[in-house]
S.K.: 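Structure incoming, see below.
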Amino acid sequence: MAEKPEDLNLPNSVIARIIKEALPEGVIISKESRSAISKAASVFVLYCTSCANNYALQQKRKTLKDVDVLAALEEMEFENFVPQLKQFLEAFKLEQKGKKTALEKRRKAKESSVNTPELTSDVEKADAAGIGAEMGDLDELLVMDTDDGANNKFEPINSN
Amino acid sequence: MDVKSSKPPVATGLPMSRVKIIMKSSPDVDHISPDALFAMTKATELFVAHLSNETFKNNDKKGIEYCELANVVNNDDIFGFLQEVIPHKITVREYWKLIGKVDEDDDSEKSSSESE
């Protein structure tokens, strides 16, 4: 797959912003410097990827993992990046987990609409209490219309 | 490098899609996990900030010029992999001397302004 030259470059606007945020106010960066730093960033990715890949291959893995990237940074003597990166990764993984859980929830709810309804304990409680739609303490709730067994109807209810 | 907010930002400034393209251009790279891609993107941002900072620290001026960047890259071992990317600039005359086109004793002409 041939890559166009610009595909290996990172967007100048973002690079400029990162440089600006890293330096005190009022510091001027020449266009040439900005361009050079952008190229350096691309080369950094290439070099870091190469080191990380070597590490993964050593572990007999074909998939690059975050530990490979962290190991590569240590090898490149950028170990001072590692603690902050670990924090970022933790937050990232939590967010991904949250997204996954939400997706699974929806999927299960969808499945239960096709098969015999397997109500969650919360929904059962709601039915038992005859509450129905007023479950303000739950983020999302799927309520079955149990009047007509053949006509399964459900609607998501957001907490108020 | 200062993180502006106390909460670690999960969003990346650099587009992960672009970083992935660069990573994939490396030979023998098969699959990249989302965590690895995120880590690489964030690391690159930290790198850009670090390089900018190092250049600024070493020069007590109000701005960053290319020559200062080249100085940092060529003096600090940690940036060794960038020496061919951000080399020192030389004049055309110096280049000719290097390739032996001009007699080294012939310094009657002043060197021209810095080549770009």
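Convention: sequence-line order gives letters A, B, ...; per-chain numbering from 1.
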S.K.: So, do Ile64(B) and Leu23(A) sit near enough that their side-chain heavy atoms are less than 4.5 Å apart?
M.R.: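 Yes, side chains in contact.
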
S.K.: May I ask you to test the Ile86(B)-Lys39(A) pair for a side-chain heavy-atom distance under 4.5 Å?
M.R.: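 The answer is no; the side chains never approach within 4.5 Å.
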
S.K.: Chain B: which of Val67(A), Leu73(A), Ile29(A) shares the most heavy-atom pairs with it under 4.5 Å?
M.R.: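 Top count of heavy-atom pairs under 4.5 Å with chain B: Ile29(A).
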
S.K.: Between Asn53(A) and chain B, with a heavy-atom cut-off of 4.5 Å, which part of the residue counts as in contact: side chain, backbone, both or neither?
M.R.: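 Contact with chain B involves the side chain of Asn53(A) alone.
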
S.K.: In Å, rounded to the nearest 0.5 Å, how long is the span from CG of Leu46(B) to CD1 of Ile18(A)?
M.R.: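 One finds 9.0 Å between CG of Leu46(B) and CD1 of Ile18(A).
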
S.K.: Just wondering, do Ile19(A) and Leu51(B) contact through their side chains at under 4.5 Å, heavy atoms?
M.R.: no

S.K.: Heavy-atom distance under 4.5 Å to chain A: side chain of Leu14(B), backbone, both or neither?
M.R.: both

S.K.: List the atom of Ala43(B), the atom of Phe81(A), and the distance in Å for their closest heavy-atom pair.
M.R.: O-CE1, 3.9 Å

S.K.: Could you check if a side-chain atom of Ile21(B) sits within less than 4.5 angstrom of a side-chain atom of Leu8(A), using non-hydrogen atoms only?
M.R.: yes

S.K.: Please flag which part of Val45(A) lies under 4.5 Å from any non-hydrogen atom of chain B: side chain, backbone, both or neither.
M.R.: both

S.K.: Lys62(A) versus chain B, heavy atoms under 4.5 Å apart: side chain, backbone, both or neither?
M.R.: both

S.K.: Find the one option among Ile78(B), Leu82(B), Val85(B) whose heavy-atom pairs under 4.5 Å with chain A are most numerous.
M.R.: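 Between Ile78(B), Leu82(B), Val85(B), the count favours Ile78(B).
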
S.K.: Are side-chain heavy atoms of Leu64(A) and Met40(B) found at a separation under 4.5 Å?
M.R.: no

S.K.: Please identify, among Val82(A), Val43(A), Leu70(A), the residue contributing the most non-hydrogen atom pairs under 4.5 Å to chain B.
M.R.: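 Top option by heavy-atom pairs under 4.5 Å: Val43(A).
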
S.K.: Phe78(A) versus His50(B): any side-chain heavy-atom pair under 4.5 Å?
M.R.: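 The answer is yes; the side chains approach within 4.5 Å.
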
S.K.: Which region of Ile22(B), side chain (C-beta onward) or backbone (N, CA, C, O), has a non-hydrogen atom less than 4.5 Å from a non-hydrogen atom of chain A, or is it both or neither?
M.R.: both

